[in-house]
**Q** 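Take this structure first; my questions come after.
Counting starts at 1 for both ligands and their atoms, following the listed order.
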Amino acid sequence: MKITRISVFQVDLPLEHPYWLSGGRLKFETLDATFVKVETDEGFIGWGEGTPWGHTYVPAHGPGLRAGLETMAIFILGLDPRKVLDVERAMDTALPGHLYAKSPIDMACWDIAGQAAGLPIADLMGGGSRTPRPIASSVGAKTVTETRDVLQRYRDRGYVAHSVKIGGDVDRDIARIRDVEANRPAEEVILYDVNRGWTRQQALQVMRACESLNVTFEQPCETLDDIAALRPLHSAPVSVDESLVTLQDAARIARESLAEVFGIKLNRVGGLTKAARMRDIALAHGIDMFVMATGGSVLADAEALHLAATIPDAHCRAVWACQDMLTIEIAGGRGPRNQNGYLHLPEAPGLGVHPDEDALGAPMAVYS
Ligand code: MG
């Protein structure tokens, strides 16, 4: 089987509610999504998606992703998409780094490999759990009252896992954490996501003030060096996502015991092939996982769900899904959807969902 054509589509995905990170420093209203259609000489068609979270969040953006695809396309055409390691090496040779540009191709190849094998991607990767995965909500940085309101909005839709965005004013962050914890149902999974918003001093102040609550802080500071420096000074569990980019990062976090949780962002780390290695490092070191696409439609959420299904139930805390935050629908309601706060693994071979091409408009580039 050979890849014969790669079509690239760009779609703006508006967010239903404007979204702030880190105390209002960053505001997001629309995500720049790239969809990739990979065709083969045997009739199999795979789809991939790469949707960075805007261009101010991490070093990734829509135009860069599409430029990366343009550079890599001639190295990918003619390869067998079922041989995902061959495709991975071809992309890494053609364009070192730029992982976020590679993930949609990797996703489309896994989609084709699954269809060719007659298996959902998770099963092709070795076996997918059918235990539904809780979806983590995304509660943007707000006041105490607004935090309560947004949490309730998600609870009304069945959500039992939440990523509460903090990382702004220290006193307000402490007040919000205490209020959420005082009112949380016991069964809920809550992560306090700082999105790198604190200095070391600010992080220590909040982590110590909330020590008795034993809450998990995600990405409290900018770098792994910051997180390492704070580690002996507090006892709070830590999750790392934005600083978990390469396998070397994963190895360092595990070896130096920098976190209890990996937040694996598939677009950020370069797709399922690379993320599966991080999963194995986590499992070998007793580290739990959150899995997320980074952003995007049901396609990106489906990819995250497949990886999450390959994690033993006890070590998969939740998946984060973006689809419920968007105002446009590109797959006609198909694919894994929020069912009372959970996503269920699709049983169809491959990814389990393809977009409506009409909803994507004309391709902005075709390579063949
Ligand atoms: Mg995060």
**Q** Are Met292 and Val139 connected, step by step, through hydrophobic side chains (Ile, Leu, Val, Met, Phe, Trp, Tyr) whose heavy atoms are closer than 4.5 Å?
**A** yes
**Q** So, is Glu218 placed with an N/O/S atom under 2.8 Å from the Mg ion (ligand 1), counting both backbone and side chain?
**A** yes
**Q** Could you tell me which N, O or S atom of Asp241 is nearest to the Mg ion (ligand 1)?
**A** OD2
**Q** side-chain hydrogen bond (donor to acceptor under 3.5 Å, both in side chains), that's the test. Do His306 and Asp123 meet it? Break it down for me.
**A** CA-CA 8 Å; His306 281 287; Asp123 286 346; over 6 Å; no
**Q** So if I apply the side-chain contact (heavy atoms from CB on, under 4.5 Å) rule between Phe262 and each of Met289, Arg279, His315, which one comes out positive?
**A** Met289
**Q** What N/O/S atom of Asp193 is the closest to the Mg ion (ligand 1)?
**A** OD2
**Q** Taking Lys265 first and then Glu242, would you say they form a salt bridge - that is, a charged N and a carboxylate O separated by under 4.0 Å?
**A** no
